[in-house]
Every structure is written in structure tokens, then in C-alpha cells.
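Below is one structure, written out as C-alpha cells; the observations come after it.
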Amino acid sequence: MTSLRQPLESMIMTSTGWTAADLPSQKGRTFIVTGANSGIGLPTARALAEAGARVVLAVRDVAKGETAAGSIAGDTEVRRLDLADLASIRAFADAWQGEIDGLINNAGVMATPEKRTADGFELQIGTNHLGHFALTNLLLRHITDRVVTVASGAHRGGSISLDDLNWQRRRYQRWAAYQQSKLANLLFTLELQRLLTTADSSVRALAAHPGYAATNLQFRTESRWQNRLMAISNRLIAQTDEAGARPTLFAATQDLPGASYVGPDGLREGRGYPTLVGRTAAASDVEMAKRLWTLSEELTGVGFPLESAQSA
């Protein structure tokens, strides 16, 4: 596998032309998709189920999850999961039995007003990173193939403040908070893959981003003018949610190296077909990835559950 110190830019492939129609059979496989009732999570869940997988829709609102599941032809199940509440995450993980072929960390919030999770975390870092961090580690002993975390091109403007990850001392900036959380997704993937490799695990950690896809994520800013601006952008620029789901599906089902990052192949990775893409130097910072992991363990009380092969 390419060194984790490198952004995998040497492995960027040309256009694949790949769509959900190219999914291989997923019969006999089980996937958990967080936030699967809407956004790119719904077409992700739909495509996997239609390819034969058992898909668990892990959602905060069970009623909405049931409605979404009713629109999917295939084997689905709805379970409650609130990523902004560690107690809910633990309850979900404690109730799980059996193997998981793929965990897709898809759910997220974007550019919200300053809010706190049930555990006092800033909402965006708490939901997008810390919630998925806890969920992944609590489920990791069940996972047999891979963890795919949905990041964003917004990571390119992000920076990690280890001294104030939860915006308790800085003046809150909604977009900077979002960018920080998306950079955290990539650093999480980087360190998770390093730990899996050290533990001699065959499980792979990968990341994907949808480009600019028209979903309801853009209308949760609670800012009327921002919502209007995004509505215009969605009509003029964005690709469909089905197209936005392609990189996630590609990362979840294709034979890719651990720590790969998949995004669209079009201009500025805004739209197109899935391919391996590069990332910023900040997203390739192995030492920052380790430090963020340690802080995330301290904040959530959840650690990496597998033993290092070197110490076993």
C-alpha cells in the first residue's frame, strides 16, 4: 500500500465512467449507512439493497427512516441512531449482533448556527467527526471489510484546532466549523487505516466525497439567505443526489487500497464519475491525525478496540 504520508496523488486514475449500474452483486453482505433517510445516504442505501445487500438505515428519525426504507426495493432495516448523542451511539452498538461488511459514515450537518450536542460538543464536529469516531470504534470488532467515511472538498479550507476543537473560546464561524469537521473526517480515515495495518487487520478505511450534489443538506443552515443562494446553486450547478452517491458506492465496493479518497472526476471535483482524488497536505498530516485521534478518544471515552499485532 502507498505510504500513508503521501496523499495518494500518484494513484489518481483517469475517468471510470462508473455508475451504480456497475455495482457487483452484494448478495450476502451487510451494510450500515448512517443518515440513510435523505441526502446521498438514501441513493447509497437504495443502490446497495438493489444489488442484493442487507442495508441497515441508521437514522435519528425512525419514522422518516421507515418512509425511506419503503422506497427501496430490497432487504432493509431501520434502526435509531443519533450521532449527536453518545448514549444513542452506545445503545446502537450494544444492540448490534453479527458481522458488518461495510460501515458507511454518511450522516452529517453543514454550516449550522452554533449548537451543542447532548454531550456538549460543537454540533458539526460532534456529529460529523466525533459521533462517527465513536460509532466506528464501538462496531469495529463486527466489521469484516471496510469503513467508508464521507468527507468533502470543503476540507481544503479547513484547519484543526486541538486546543479548541469545540469552539468554546473562539468566535464561532459556521463554515470554518464545517471545514474543520470535514478535515477531521480525512485525518480520522488516515489514522484508522494506520491502526488497522498495525493490528494486522484486513479491514480497510476509505473516504469519499460527493462533489456538489443537490440534497437537503444545503437547507439546514437556518439562514434564509444562505438557503436561497444554495437553492439557486443546486438548480444551476449541482449534480443529482444519485450522482453524488457514486463515490461512496465506489469506495464501498471496489478493490481499493486503504486510506484511498474517492471523488468525482469533473472540474474541481464538483461532479462526474468516481475516481481516486488528492487531498491537502493538512489532510495527509500523519502526526496531526494521531493527535486528533488521541483527543477524540479523550472526548468520547471510546478507543481503538483491536490489539497491535506487534504487541500481540
Side-chain angles (χ1 to χ4, degrees), residues 4-9 11-12 34-35 39-40 83 104-112 121-133 136 147-162 164-167 170 172-194 205-213 215 217-218 221 230 238 244-248 250-251 256 258-272 274-293 295-296:
L4 294 183
R5 291 182 179 275
Q6 305 201 2
L8 292 173
E9 288 175 352
M11 301 180 62
I12 296 175
T34 67
I40 64 168
L83 288 161
I104 299 180
N105 292 325
N106 163 81
V109 293
M110 182 176 74
T112 60
F121 306 141
E122 184 273 317
L123 182 62
Q124 297 190 78
I125 196 72
T127 302
N128 299 353
H129 168 60
L130 293 171
H132 281 127
F133 174 92
T136 300
V147 177
V148 177
T149 299
V150 177
S152 168
H155 87 273
R156 295 183 178 279
S159 61
I160 301 290
S161 176
L162 294 175
D164 192 21
L165 193 70
N166 284 297
W167 297 84
R170 292 175 289 168
Y172 180 73
Q173 300 178 59
R174 62 173 72 200
W175 283 105
Y178 179 66
Q179 291 168 330
Q180 177 184 243
S181 74
K182 293 290 102 179
L183 175 57
N185 289 154
L186 287 172
L187 292 172
F188 162 72
T189 299
L190 194 66
E191 179 63 2
L192 176 58
Q193 183 59 55
R194 188 191 71 80
L206 305 97
H209 81 84
Y212 188 2
T215 71
L217 181 67
Q218 288 98 338
T221 68
M230 289 182 180
R246 290 172 190 161
T248 301
F250 194 82
L256 300 171
S260 292
Y261 185 31
V262 182
D265 63 2
L267 180 64
R268 294 191 173 186
E269 300 171 19
R271 59 193 300 134
T275 188
L276 292 180
V277 296
R279 68 200 82 184
T280 62
S284 308
D285 188 334
V286 173
E287 293 308 313
M288 177 58 81
K290 292 178 181 178
R291 294 170 67 193
L292 176 62
W293 187 281
L295 177 58
S296 300

Can you sort out the partners of W167 under ring-ring contact (aromatic ring centres under 6.0 Å, His included), two or more places apart, ordered by chain and number?
Y172
Please walk me through it: do L165 and L292 pass side chain to side chain contact (heavy atoms under 4.5 Å, CB included)?
CA-CA 9 Å; L165 193 70; L292 176 62; 4.2 Å; yes
Assess, by modelled atom type and distance only, whether the side chains of T275 and D265 contain a donor and an acceptor separated by less than 3.5 Å.
no
Does K182 reach the main-chain N or O of V150 with its side chain, forming a donor-acceptor pair under 3.5 Å?
yes
N105 side chain to T34 main-chain N or O, any donor-acceptor pair under 3.5 Å?
no
Compare every heavy atom of G108 with every heavy atom of T127, then report the nearest pair and how far apart it is.
CG2-CA, 4.4 Å
Mind checking the OG1-NE2 spacing from T280 to H155? Nearest 0.5 Å is all I need.
3.5 Å
With heavy-atom distances below 4.5 Å as the criterion, would you say the side chains of E122 and R170 are in contact?
no
Counting only heavy atoms not in R268 (residues, nucleotides, ligands), do more than 12 fall under 6.0 Å from its CZ?
no
I'd like to know if the side chain of Q124 reaches the main chain of A111, judged simply by a donor and an acceptor atom lying under 3.5 Å from each other, with no hydrogens or angles considered.
yes
Does the side chain of N106 come under 3.5 Å of the side chain of T248 through a donor N or O and an acceptor N or O?
no
Any chance you could lay out the side chain to side chain contact (heavy atoms under 4.5 Å, CB included) test for Q180 and I125, step after step, and finish with the verdict?
CA-CA 7 Å; Q180 177 184 243; I125 196 72; 4.1 Å; yes
Please find the pair of heavy atoms, one from P247 and one from P274, that lie closest to each other, and give the distance.
CA-CB, 3.9 Å
Beyond-backbone contact of Y261 with T189, side-chain heavy atoms, under 4.5 angstrom
no
L183 vs I160 side-chain heavy atoms within contact, under 4.5 Å
yes
Can you find a heavy atom in the side chain of L187 that is under 4.5 Å from one in the side chain of W293?
no
Is it true that atom CZ of R291 has more than 12 heavy atoms of other residues, nucleotides or ligands lying nearer than 6.0 Å?
no
Does the side chain of Y178 come within less than 4.5 Å of S152's, by heavy atoms?
yes
Is the shortest heavy-atom distance from the side chain of S284 to the side chain of R279 under 4.5 Å?
yes
Let's go through M110 and W175 carefully: what are the C-alpha distance in whole Å and the side-chain angles of both, what is the deciding distance for side chain to side chain contact (heavy atoms under 4.5 Å, CB included) to 0.1 Å, and is it a yes or a no?
CA-CA 8 Å; M110 182 176 74; W175 283 105; 3.9 Å; yes
Quick check: closest heavy atoms across H129 and S296, and the distance to 0.1 Å?
NE2-OG, 2.8 Å
Can V262 and V277 be said to form a side chain to side chain contact (heavy atoms under 4.5 Å, CB included), step by step?
CA-CA 6 Å; V262 182; V277 296; 6.0 Å; no
Heavy atoms of A151 and P210 approach each other most closely as O-CD, 4.0 Å
Verify whether one side chain among H132 and T149 offers a donor that lies under 3.5 Å from an acceptor in the other.
no
Shortest non-hydrogen contact between A208 and A251, atoms and distance:
CB-CB, 4.3 Å
Could you measure the distance from the CG atom of L206 to the CD1 atom of I104? Nearest 0.5 Å is fine.
10.5 Å
Scanning both residues in full, the closest heavy-atom pair of L162 with L295 reads O-CD2, 3.6 Å
Inter-residue atom distance S181.OG - F121.CZ, 0.5 Å rounding
14.0 Å
